[in-house]
Amino acid sequence: AQTVTQSQPEMSVQEAETVTLSCTYDTSESDYYLFWYKQPPSRQMILVIRQEAYKQQNATENRFSVNFQKAAKSFSLKISDSQLGDAAMYFCAYRSANFGNEKLTFGTGTRLTIIP
Amino acid sequence: NAGVTQTPKFQVLKTGQSMTLQCAQDMNHEYMSWYRQDPGMGLRLIHYSVGAGITDQGEVPNGYNVSRSTTEDFPLRLLSAAPSQTSVYFCASSRDGNTIYFGEGSWLTVV
């Protein structure tokens with residue numbers, strides 16, 4: 001079974017600065033997907049970024065980028081130019097690429113606080 | 001385009017009561033699933049479906065039933081509610097498993 005570990009329960013960053021959230025995972029599969037989801041106080045789950053394991057290039061979405069280290073099974077999220085609206089819980093998640101297996105395995109989350 | 005719609009948003013149940021959390025999506029997605037979120041934990045998969053008529057158990061299925069009679073709907077049934085089922089429940093759907101859309105969540109309290 002796959003596991004996802006987020007070792008930072010809480011993080012804080014000054015507004016406009018850069019912060020990196022850590023995520024490690026364990027799997028015996030070679031093809032899979034990794035995700036970062038944002039959960040603001042409204043509790044809505046919002047997809048931030050997605051990475052396919054077969055792609056060596058790190059995914060980026062505007063101010064959000066990942067550092068995907070497949071051999072190390074590491075998948076960190078970097079948020080540049082942090083904004084007050086970035087304050088939320090962030091969840092790392094894993095999904096197998098096997099057909100029909102769209103189950104997500106989530107980490108326990110990191111609460112990000114933005115300091116004005 | 002409503003996306004994934006969950007009802008009710010809030011519910012209080014007494015121990016032993018039954019209820020159904022409704023989930024509907026209008027995106028013609030094959031994949032649908034139910035998760036629960038508890039304090040200090042990530043979302044955990046309860047049940048999922050890869051198409052109408054097909055369901056399977058996730059990580060924490062005990063105490064919950066599902067059915068998938070149509071592509072659009074995936075209700076979650078609690079047959080005899082227990083305090084341990086107090087949680088926030090999320091329904092999700094996906095066309096291909098890559099981009100997953102979540103509902104807004106349903107807050108359930110069992111007293």
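Order of the sequence lines fixes the chain letters, A, B, ..., with proteins taken first and strands second; residue numbering starts at 1 for each chain.
The environment of K55(A) atom NZ is sparse: at most 12 non-hydrogen atoms of other residues, nucleotides or ligands sit within 6.0 angstrom. Taking a 6.0 Å sphere around CZ of R111(A), one finds it holds 12 or fewer heavy atoms contributed by other residues, nucleotides or ligands. Heavy-atom contacts from other residues, nucleotides or ligands closer than 6.0 Å to NZ of K73(A) number more than 12.
Formation of a donor-acceptor pair under 3.5 Å by the Y35(B) side chain with backbone atoms of L104(A) is found in this model.
Shown here for F91(A) and M41(B), the closest heavy-atom pair between the two residues is CE2-O, 4.1 Å. Closest approach of I100(B) to Y37(A), counting heavy atoms only: CB-OH, 3.5 Å.
For the pair R44(B) and F106(A), the minimum side-chain heavy-atom distance is 4.5 Å or more.
With rounding to the nearest 0.5 angstrom, the OG1 atom of T105(A) is 7.0 Å from the CD atom of E59(B). To the nearest 0.5 Å, atom NZ of residue K103(A) and atom CD of residue Q57(B) are 10.0 Å apart.
Under the 4.5 Å side-chain heavy-atom criterion for Ile, Leu, Val, Met, Phe, Trp and Tyr, I46(B) and L13(B) are members of the same hydrophobic cluster. Note on Y64(B): it clusters hydrophobically with L21(B), by side-chain heavy-atom contacts below 4.5 Å among ILVMFWY residues. Linking Ile, Leu, Val, Met, Phe, Trp and Tyr residues whenever their side-chain heavy atoms come within less than 4.5 Å leaves M45(A) and F64(A) in two separate clusters. Taken together through direct or relayed side-chain contacts under 4.5 Å among Ile, Leu, Val, Met, Phe, Trp and Tyr, L84(A) and L21(A) form part of one hydrophobic cluster.
Residues of residues 101-111 of chain B lying within less than 4.5 angstrom of chain A, judged on heavy atoms, are F102(B), G103(B), E104(B), W107(B) in numerical order. Contacts between residues 68-82 of chain B and chain A, counted as heavy-atom pairs separated by less than 4.5 Å, involve no residue at all.
Contact annotation for Q39(A): only side-chain heavy atoms (C-beta onward) come within less than 4.5 Å of a heavy atom of chain B.
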